[in-house]
Asks: 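Handing you a structure now.
Per chain, numbering begins at 1; letters A, B, ... match sequence-line order.
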Amino acid sequence: MNERQRLANLLRNCSKNLLLDQGMQAHGTVMKMGLGFDLMLSNDLIDMYCKCGRTGMACAVFDRMPERNVVSWTALMCGYLQNGNAKGSLSLFSKMGLSEIKPNEFTFSINLKASGFVGIAENGMQIHNMCTKSGFEWVTVVSNSILDMYTKCGRVSEAARMFNVMPVKNLITWNAMIAGYTLEGNGERALLLFREMQGMGEVPDEYTITSTLKACSGLGAIRQGSQIHSSVITRGFLCSVRTMIAGALVDLYVKCSHLTEAQRIFDQIEQKNLVSWSALILGYAQECNLLQAMDLFRQLRVSIHHQVDGFVLSSLMGVFADFALVEQGKQMHAFTIKIPSGLDISVTNSILDMYLKCGLTDEAEKLFNETPVRNVISWTIMITGYGKHGLGRKSIRLFHQMQSEDIEPDGVTYLAVLSACSHSGLVEECQEYFSRLCHDRRIKRNVEHYACMVDLLGRAGRLKEAKNLIDSMPLKPNVGIWQTLLSACKVHGDLEIGREVGETLLRLDGDNPVNYVMLSNIYAEAGYWKECERLRKLFKMKGLKKEAGRSWVEINKEVHFFYNKDETHPLTEKIHQKLKEMEQRIKSEIGYVHGVRFALHDVEEESKEESLRVHSEKLAIGLALVCGEVEKGHKTIRVFKNLRVCGDCHAFIKGLSKVLKVVFLVRDANRFHKFESGLCSCGDYW
DNA sequence: CTAGGGTTAG
């Protein structure tokens, strides 16, 4: 064997086993032997560097080549793609189009995959076109890639068209189509196809099973899921508990709220991978079992086999954000700095989001300014965050700044800026951005965008216009947008429109407690007691329950949760005492009275005033006061609530902020309320 | 140099 062949084999081995150091040595030898211009060796070098994650080096080799063939180009594209740079691959692809080298089935396949990754169908369609013209379209590898590209770009019907006309299908074709339906959220079709393929004598493999299980968890179809689970066992796929399937199984049981079963599967897995870890951790977190979730995370951290990755970090950070666990979030932030995956953009973004959702805008701003890489999601997070804090002007500034830095806003960014404007009552600005959105052909409008406009108009009391907008919009109104209008009707006490909208909602979404509460409040305020009673009866008959109000506050790095009328806290008595004392102070100093009208829906008439006193947000604030948070010199007291703050509590906290000269930052289901010197940042619209 | 999968941030 000659030296050239020996080096080629060596390089291929380095590529396969990710031996960068050895590969670099071999590179040295190639150069020393004067083989630097050899086409095959250079191609192997490109591949080796790409596989070892050094696209920069691969690119350097590529640039210095006197002549290149299709393999050289394709190897580099593949390298870009595998290192997460799909756009790099595509731009290389178009550069290659200018040379006389023609793409082959590999080139097409890779760049179709890259287009799917980027997610712009028009881009992928162009490549599809090229495949057709050059006769590669019906090479199975290529047609599979085309099909896959369409599903990734959200054009599942195009993919299905392809699927139906493909002359030769293999297992991968079926898998791609099943995965496509699953990704789209069409679990029924995925399961149908799963059955159909078996009818055709095709034998599912692990990939088929994972997709199908995912379809089941999306549907919450626990029965079908566990059927597949047992078929997996009989098929022998689970004898050594294949990690891939196991991960999907854990996810299935988590999504169907069968945590015990999820834990049981998890315990059986011999080689636990990060997917199953993070699925289970999220499962516990989502059912509010934070202790168990954190304990699992600790276990994961100490188990040497697992380097925590960006997925785990960002999803856990999402939990901290939702629960506003500032301390845990900060600790995790500190932890991310020490590990490589902490640099993942999704991790950084999740930290930004966490700080904003915890009310720490300064921390978020600092991190945002220091982060070298920011994508459209990072900007959108900031815009949303400022918006929720009532800092609409700041949101707008960022919206312009991102565009001057050549980051294109997408549909979600527009949503963020619209809702920021509406929260801050910036009517003209909001209309201006909405019309900009309407003229931008690249961005698809959805109902949420219109809901922002409805919110804006509703806030301004222009309820007729808001209703007209819904009636005339080109999209089918959903429950959410009607609820937005209804709550505006409630704020402005508009019985006429409110009644109409409310009854529409009960027809559309008759099992949702929120609709009953809102409408009956509107009736009650207008003095329509009969209607009110009718709704209450219906509500009871259907066995509906309002979501329990829950608030929490962090004191000395410890989180305290309260429900409405909660008396389980050891300091309950002192809390009540403190609240009474505060009410008196507010009454005597600034003439505060209970906003009793907000409690009309609470059933017991005689205890109206009493029940107002024990709303969870008041209890949480009471605890903060009892614990001397003010005396400790904290200028801001942060409280979080799962539902919206009620009107009485709102008035109470305003008074409190004036009497105590303290800022209260309250995050409710909708936004942040900053109470300062007797005023609220929301301008009393909530 | 080759297509398909699972957990993830707005």
Side-chain angles (χ1 to χ4, degrees), chain A residues 12 15 43-44 46-48 50-51 58 69-79 81-82 103-110 112-113 116 139-149 151-152 170-180 182-183 205-214 217 242-252 254-255 273-283 309-318 321 341 344-354 356-357 375-385 387 409-416:
Chain A
R12 279 166 212 185
S15 158
N43 285 347
D44 285 331
I46 293 175
D47 179 46
M48 182 277 293
C50 286
K51 288 285 148 58
N69 62 8
V70 62
V71 177
S72 333
W73 286 90
T74 310
L76 191 57
M77 291 173 195
C78 184
L81 185 60
Q82 283 175 349
N104 64 12
E105 66 266 43
F106 296 112
T107 327
F108 282 129
S109 176
I110 285 165
L112 283 161
K113 194 177 173 186
V139 177
T140 313
V141 174
V142 175
S143 1
N144 283 344
S145 302
I146 295 172
L147 195 163
D148 181 54
M149 178 274 295
T151 67
K152 297 273 157 63
N170 60 14
L171 181 57
I172 288 158
T173 321
W174 289 95
N175 285 351
M177 201 61 233
I178 292 176
T182 307
L183 192 70
D205 67 357
E206 287 150 88
Y207 292 103
T208 329
I209 302 286
T210 26
S211 290
T212 314
L213 283 174
K214 204 189 165 212
S217 51
R242 304 283 184 99
T243 44
M244 205 168 79
I245 294 185
L249 277 172
V250 171
D251 182 51
L252 168 74
V254 161
K255 292 264 164 63
N273 64 4
L274 281 172
V275 174
S276 22
W277 275 98
S278 60
L280 192 63
I281 292 176
L282 272 186
D309 72 356
F311 280 108
V312 182
L313 291 176
S314 48
S315 48
L316 211 52
M317 199 65 81
S341 47
D344 285 9
I345 191 147
S346 60
V347 174
T348 310
N349 287 344
S350 70
I351 300 173
L352 284 175
D353 192 44
M354 180 274 296
L356 288 165
K357 285 193 178 143
N375 62 11
V376 58
I377 297 180
S378 332
W379 288 91
T380 307
I381 289 171
M382 295 304 288
I383 294 172
T384 308
D410 63 13
V412 190
T413 320
Y414 267 99
L415 194 61

Asks: Would you mind reading off the distance between A:Ile172 atom CD1 and B:dT2 atom P, rounded to a whole angstrom?
Replies: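 Rounded to the whole Å, the gap is 13 Å.
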
Asks: Report the nucleotide, chosen from B:dC1, B:dG10, B:dT7, that has the shortest atom-to-atom distance to any side-chain atom of A:Lys214.
Replies: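 So the side chain of A:Lys214 is nearest to B:dT7.
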
Asks: Contact between A:Met317 and A:Val347 at the side-chain level, heavy atoms closer than 4.5 Å - yes or no?
Replies: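 Answer no - side chains too far apart.
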
Asks: With hydrogens left out and only the distance checked, is there a donor-acceptor pair under 3.5 Å joining A:Thr210's side chain and the base of B:dG6?
Replies: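 Answer no: no donor N or O sits under 3.5 Å from an acceptor.
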
Asks: Assess, by modelled atom type and distance only, whether the side chains of A:Asp205 and A:Thr208 contain a donor and an acceptor separated by less than 3.5 Å.
Replies: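 The answer is yes; a qualifying pair exists.
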
Asks: Picking from B:dA3, B:dG6, B:dT2, which would you name as closest to the side chain of A:Asn170?
Replies: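 Minimum distance to the A:Asn170 side chain belongs to B:dA3.
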
Asks: If I take atom CZ in residue A:Phe108 and atom P in nucleotide B:dA3, what distance separates them, rounded to the nearest angstrom?
Replies: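 My rounded result for the distance is 16 Å.
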
Asks: Between B:dT7, B:dA3, B:dA9, which nucleotide gets closest to the side-chain atoms of A:Asp309?
Replies: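 Given the options B:dT7, B:dA3, B:dA9, the side chain of A:Asp309 is closest to B:dT7.
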
Asks: Of all residues at least two apart in sequence or in a different chain, which pass the side chain to side chain donor-acceptor pair (under 3.5 Å) check with A:Thr182?
Replies: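 By the side chain to side chain donor-acceptor pair (under 3.5 Å) rule, A:Thr182 matches no residue at all.
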
Asks: NZ of A:Lys152 versus C1' of B:dA3: gap in Å, rounded?
Replies: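 A:Lys152 atom NZ is separated from B:dA3 atom C1' by 10 Å.
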
Asks: Measure from the side chain of A:Phe106, starting at C-beta and using heavy atoms only, and say which of B:dA9, B:dG10, B:dT2 lies closest.
Replies: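 Ranking B:dA9, B:dG10, B:dT2 by closest atom to the A:Phe106 side chain puts B:dT2 first.
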
Asks: Let's test your reading of the model: under 3.5 Å, does the base of B:dT8 pair with the side chain of A:Ser314 as donor and acceptor?
Replies: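 There is none.
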
Asks: Rounded to whole Å, please give me the gap between CG in A:Asn375 and P in B:dT8.
Replies: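 Nearest whole value for this atom pair: 17 Å.
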
Asks: Counting side-chain heavy atoms from C-beta on, which of B:dT7, B:dG4, B:dA9 comes nearest to A:Ile377?
Replies: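 Side chain of A:Ile377 sits closest to B:dA9.
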
Asks: With a 4.5 Å limit on heavy-atom distance, are the side chains of A:Ile178 and A:Thr212 in contact?
Replies: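 Yes - at least one pair of side-chain heavy atoms lies under 4.5 Å apart.
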
Asks: Taking only the side-chain nitrogens and oxygens of A:Lys113, find out if one of them lies under 4.0 Å from OP1 or OP2 of B:dT2.
Replies: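 No, because none of the side-chain N or O atoms of A:Lys113 sits under 4.0 Å from OP1 or OP2 of B:dT2.
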
Asks: Looking at the side chain of A:Ser346, which of B:dA9, B:dT7, B:dG4 is the nearest nucleotide?
Replies: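 My answer, after comparing the listed nucleotides, is B:dA9.
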
Asks: Which nucleotide wins on minimum distance to the side chain of A:Asn175, given the candidates B:dG4, B:dG10, B:dT7?
Replies: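 Nucleotide nearest to A:Asn175's side chain: B:dG4.
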
